[in-house]
Each structure stands twice: as C-alpha cells, then as structure tokens.
Amino acid sequence: MRPVYVFPGQGSQYPGMASGRLVEDRDAARVFELASRISGTDVASLCRSGEPSLLARTDLCQLCVAAVSLAWLILLEKEGHRQRATAGHSLGEYCAACAAGCLGVEDTLRLVWVRGKAMLECALSRPGSMLAVTGLDEGTVRELVVEARGGGFLHLANLNSERQYVVAGDASSLERVEASTVKRGGRAVRLKVGGAFHTPAFREAAEVVGEALEDMTLRDPAVPFYSGLTGTALDDGPSVARALVEGICSPVRWRDVQRALVPLAEEGQVEVGPGRALNAMARRDYPHLTVYHASELVRSA
C-alpha cells in the first residue's frame with residue numbers, strides 16, 4: 001500500500017493529541033524530546049494536557065502540531081508504510097518536506113520553532129485574524145475582498161477547496177467582508193487563529209525563516225512533493241526551500257494541491273498529524289476518495 005500523505009497545519013491542534021504509542025514508542029517519543037530541548041518547553045505534556053489557550057499560541061502551536069505529525073510519520077515508517085507523494089497545508093508543508101527526505105526531523109523542528117516565533121512577532125505587531133467563506137466561488141470572493149478592503153488590510157489567504165476560501169486582515173475589513181458574504185448568499189465563519197496569516201504582513205517572518213534556511217541544505221525530494229505555494233510538484237531542494245519561505249506570506253493553494261493528489265491516491269490518502277480536517281475537505285470535493293488517519297494504519301495506536 002502506497003497512499004499519499006497529507007500533513008495538517010495550525011488549527012488542527014487539540015488537548016490530548018499525543019497519547020498511546022505516540023509517547024510510548026521510543027523513537028516517536030524522541031520527537032517530543034527534541035522539540036522540548038529546542039524550545040525549552042515540555043512539548044509532550046503540552047500536547048497531552050496543555051491549556052487550550054497556551055496550545056493555541058502561534059509559536060507553541062506550530063511546534064506541537066509538527067511534533068505530533070512527525071511522531072506519526074515515524075510510527076508509519078517503522079511499520080513499513082511508504083507514501084507515493086506528500087504535501088502539507090501551511091505549517092504542514094515543513095513536515096511534508098521531512099517526509100520527502102528534504103530535511104531531517106531535528107532540522108524540521110528547529111525550523112518550525114523559528115517560524116512560529118517569527119510569525120508570533122509579526123502577529124503582535126500587526127493584529128488581524130481570518131474568516132472562512134463557503135458557498136461562493138473564487139471570483140466572487142476576490143471581488144468581495146477588493147470591495148471590503150477600502151483603506152484597510154485584507155487578502156485572500158487560503159484557497160482550501162472548491163467550497164471554502166479563507167480571507168485574512170484587520171478586524172474592520174473582516175467585518176465588512178463578513179457582511180458582504182452573507183448578503184451574497186454565502187456563509188462566513190471566524191477562525192480561532194492568532195493572526196492574518198499568509199498575507200504580506202508576515203514578510204518579516206519569511207525573511208527570518210529564509211535566514212535560518214541559509215544554514216541548512218535541503219535535499220531533493222525522494223517522492224513527489226506538492227507545494228501550497230504553487231499548487232504543483234517541486235523537484236529540487238532549492239525550490240522546496242523557496243516554497244517554505246515564500247509560503248509564509250503568500251496564499252495557500254491547497255485546492256490545487258488536493259486536485260493534483262487525487263489521481264495519485266489510488267491506494268488512499270493518509271492524514272498524518274492531529275485531526276482529520278484535510279481529509280474532510282477532500283471528501284467534500286472528491287467523495288470517491290478513500291481516506292485514512294495515520295492512527296488507522298499504525299498497530300495499537
């Protein structure tokens with residue numbers, strides 16, 4: 001069995017997401033030990049029983065989600081599972097790069113920690129949030145963003161599926177686009193996130209991550225690696241590095257990534273990380289797609 005692997009991003013976290021073999025298996029537990037050493041925080045405890053508000057803090061959230069995802073990846077590899085292709089949503093793209101052989105586990109965790117801290121600083125310096133829009137097509141959502149922006153700050157941040165788009169910006173602009181969405185017959189839901197992610201407001205965070213990557217050499221992907229920056233497969237390490245940097249302040253083209261993965265997912269799609277949000281979105285657009293969570297493939301998980 002060679003399914004495609006998909007790795008979730010920030011927002012997939014929940015208290016209790018690390019338990020059982022994730023923390024009992026020696027090799028999987030080492031991921032949490034590395035993350036704790038890098039951050040100075042007891043990451044395993046935070047994932048097991050941390051306060052939701054602390055677990056949602058951008059820097060800690062990203063490290064915890066990455067640690068859980070990489071621990072699942074290690075368990076899958078130990079049991080002989082291999083992916084046909086890989087991709088990750090936003091933060092998840094760093095774990096996908098690890099799964100593709102571009103980065104080792106420790107370098108991935110270090111990079112994620114740098115990313116999370118830098119993004120937290122940007123979020124504090126330019127407050128904002130995100131809003132999910134469903135029931136409208138891409139063209140209409142883009143029109144609403146332009147109309148609602150005015151003199152404010154508003155961007156299309158995620159093209160998640162044929163049915164869901166996410167806009168990000170300041171509070172006033174989000175209020176305007178929320179009202180316009182409802183008037184056009186769509187549905188708008190505020191997301192519980194700490195910033196207007198995947199917008200130009202995070203350019204400085206991208207530069208910080210770019211500097212960190214200068215000390216690392218990314219290997220070429222050993223399996224097809226699909227990037228949310230381009231919505232296509234990237235073939236070499238430098239292209240993957242650029243995607244990890246530019247993706248921080250650019251829209252996530254997950255809809256295009258998922259569309260490209262479906263023909264490769266003849267043996268299914270496995271969500272490797274906390275939650276099942278990516279698989280749920282995939283099934284809405286592709287009802288025939290067979291999906292699994294990593295826990296369904298790992299014995300005694």
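Position 1 is the first residue of the sequence, and the numbers go up from there. Please read these numbers as outputs of a predicted model, since none were measured by experiment.
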For this session: Please answer whether the main-chain N or O of D59 pairs with a side-chain N or O of Q62 as donor and acceptor at a distance below 3.5 Å.
Result: no

Exercise. What do the steps show when you test D256 against R259 for salt bridge (Lys or Arg N to Asp or Glu O under 4.0 Å), and what is the final call?
Worked result: CA-CA 5 Å; D256 301 333; R259 184 187 298 135; 3.2 Å; yes

Exercise. Considering all heavy atoms of both residues, which atom of A196 and which atom of F153 are nearest to each other, and what is their separation?
Worked result: CB-CE2, 3.8 Å

For this session: Check step by step if salt bridge (Lys or Arg N to Asp or Glu O under 4.0 Å) holds for K183 and E178.
Result: CA-CA 9 Å; K183 286 182 181 178; E178 184 175 14; over 6 Å; no

For this session: Rounded to the nearest 0.5 Å, what's the gap from CG on L111 to SG on C98? Could you check?
Result: 11.0 Å

Exercise. Would you say the side chain of H81 lies within less than 4.5 Å of the side chain of L75, judging by non-hydrogen atoms?
Worked result: no

Exercise. Given E79 and R21, is the salt bridge (Lys or Arg N to Asp or Glu O under 4.0 Å) satisfied, shown in steps?
Worked result: CA-CA 12 Å; E79 296 196 3; R21 283 193 64 192; 2.6 Å; yes

Problem set entry | Gap separating the SG atom of C95 from the CG atom of L70, nearest 0.5 angstrom | 4.0 Å

Seminar exercise, completed: Interatomic distance, OG1@T290 vs CD@E267, rounded to 0.5 Å, equals 10.5 Å

For this session: Using a 4.5 Å cut-off on heavy atoms from C-beta on, say whether the side chain of V208 contacts that of E204.
Result: no

Exercise. Within a reach of under 6.0 Å around CD of E162, are more than 12 heavy atoms found that belong to other residues, nucleotides or ligands?
Worked result: yes

Exercise. Is it true that a side-chain atom of H198 and a backbone atom of G247 form a donor plus acceptor pair closer than 3.5 Å?
Worked result: yes

For this session: Taking H293 for its side chain and G273 for its backbone only, find out whether a donor-acceptor pair lies under 3.5 Å.
Result: yes

Exercise. Would you call R203 and I248 a side-chain contact if the rule is heavy atoms closer than 4.5 Å?
Worked result: no

Exercise. Has the side chain of S45 got a donor or acceptor atom that lies under 3.5 Å from a matching backbone atom of D42?
Worked result: no

For this session: Kindly indicate, with the supporting measurements, whether the criterion side-chain contact (heavy atoms from CB on, under 4.5 Å) is fulfilled by T134 and R163.
Result: CA-CA 6 Å; T134 57; R163 306 174 186 221; 5.5 Å; no

Problem set entry | Same cluster (ILVMFWY, side-chain, under 4.5 Å), L156 and M281 | no

Exercise. Is the backbone of G128 close enough, under 3.5 Å, to the side chain of D170 for a donor and an acceptor to pair up by distance?
Worked result: no

Problem set entry | Partners passing side chain to side chain donor-acceptor pair (under 3.5 Å) against R110 (at least two apart in sequence or in another chain) | E106

Problem set entry | Cluster overlap V31 with L55, hydrophobic side-chain contacts below 4.5 Å | yes

Exercise. Between H288 and V262, is any pair of side-chain heavy atoms under 4.5 Å apart?
Worked result: yes

Exercise. With no hydrogens and no angle check, is any side-chain donor or acceptor of S239 less than 3.5 Å from a backbone partner on D235?
Worked result: no

Problem set entry | Hphob cluster co-occupancy, V133 + W254, side-chain heavy atoms under 4.5 angstrom | no

Exercise. Of all heavy-atom pairs between M1 and Y292, which one has the smallest distance, and what is that distance?
Worked result: CE-CE1, 3.4 Å

Seminar exercise, completed: Minimal heavy-atom distance between A18 and R48, with the atoms involved, is O-CG, 2.8 Å

Seminar exercise, completed: Hits for side chain to side chain donor-acceptor pair (under 3.5 Å) against T232, two or more places apart or cross-chain, chain-then-number order -> T230

Exercise. Are R142 and E138 ion-paired here, with the side-chain N under 4.0 Å from a carboxylate O?
Worked result: yes

Problem set entry | Exam field: side chain H155 to backbone P200, donor-acceptor pair closer than 3.5 Å | no

For this session: Kindly determine whether Q83 and R2 satisfy side chain to side chain donor-acceptor pair (under 3.5 Å), including the steps that lead there.
Result: CA-CA 5 Å; Q83 77 269 34; R2 292 194 68 198; over 6 Å; no

For this session: Nearest 0.5 Å please: distance from the CG atom of L60 over to the CD atom of Q10.
Result: 10.5 Å

For this session: Count the heavy atoms belonging to other residues, nucleotides or ligands that lie under 6.0 Å from CZ of R242, then report whether that count exceeds 12.
Result: no

Exercise. Any sub-3.5 Å donor-acceptor pair from Y94's side-chain atoms to L244's backbone N or O?
Worked result: yes

Problem set entry | Any donor-acceptor pair under 3.5 Å from R255 side chain to L159 backbone | no

For this session: Given side-chain contact (heavy atoms from CB on, under 4.5 Å), test L289 with Q269 step by step and report yes or no.
Result: CA-CA 8 Å; L289 182 66; Q269 173 170 296; 4.0 Å; yes

Exercise. Quick one: are F32 and C47 in side-chain contact, heavy atoms under 4.5 Å?
Worked result: yes

Exercise. Rounded to the nearest 0.5 Å, how far apart are OG of S173 and CZ of R176?
Worked result: 4.0 Å

Problem set entry | Contact summary for L109 and A35, nearest pair of heavy atoms | CD1-N, 3.9 Å

Exercise. What pair of heavy atoms forms the shortest contact from V68 to P274, and how long is it?
Worked result: CG1-CD, 3.7 Å

For this session: Using a cut-off of 6.0 Å, state whether more than 12 heavy atoms not belonging to R187 lie near its atom CZ.
Result: no

For this session: Group every Ile, Leu, Val, Met, Phe, Trp and Tyr by side-chain heavy-atom contacts under 4.5 Å, then state whether I38 and L54 land in the same group.
Result: yes

Exercise. What are the two closest heavy atoms between G9 and V65, and how far apart are they?
Worked result: O-CG1, 4.0 Å

Exercise. Yes or no on salt bridge (Lys or Arg N to Asp or Glu O under 4.0 Å) for E296 and R276, after CA distance, side-chain angles and deciding distance?
Worked result: CA-CA 12 Å; E296 297 175 74; R276 302 169 186 256; 3.0 Å; yes

Exercise. Is there a side-chain contact between P224 and R84, using heavy atoms and a 4.5 Å cut-off?
Worked result: no

For this session: Applying side-chain contact (heavy atoms from CB on, under 4.5 Å), run through E143 and R184 and close with a yes or a no.
Result: CA-CA 11 Å; E143 287 177 12; R184 293 286 189 100; 3.8 Å; yes

Seminar exercise, completed: Those residues at least two apart in sequence (or on a different chain) that pass side chain to side chain donor-acceptor pair (under 3.5 Å) with E211 are none

Exercise. Is a side-chain N or O of D220 found less than 3.5 angstrom from the main chain of G237, in a donor-acceptor match?
Worked result: yes

Problem set entry | Full working for side-chain contact (heavy atoms from CB on, under 4.5 Å) between Y226 and T86 | CA-CA 6 Å; Y226 285 82; T86 190; over 6 Å; no

Exercise. Are M17 and C64 close enough that some pair of their side-chain heavy atoms sits under 4.5 Å apart?
Worked result: yes

Exercise. Should F7 and V298 be regarded as members of a common hydrophobic cluster, given that ILVMFWY residues are connected when their side-chain heavy atoms come within less than 4.5 Å of each other, either directly or indirectly?
Worked result: yes

Seminar exercise, completed: Rounding to 0.5 Å, atoms CD (Q164) and CG (N158) come to a distance of 8.0 Å

Problem set entry | Validation row: S49, P15 side chains within 4.5 angstrom (heavy atoms) | no

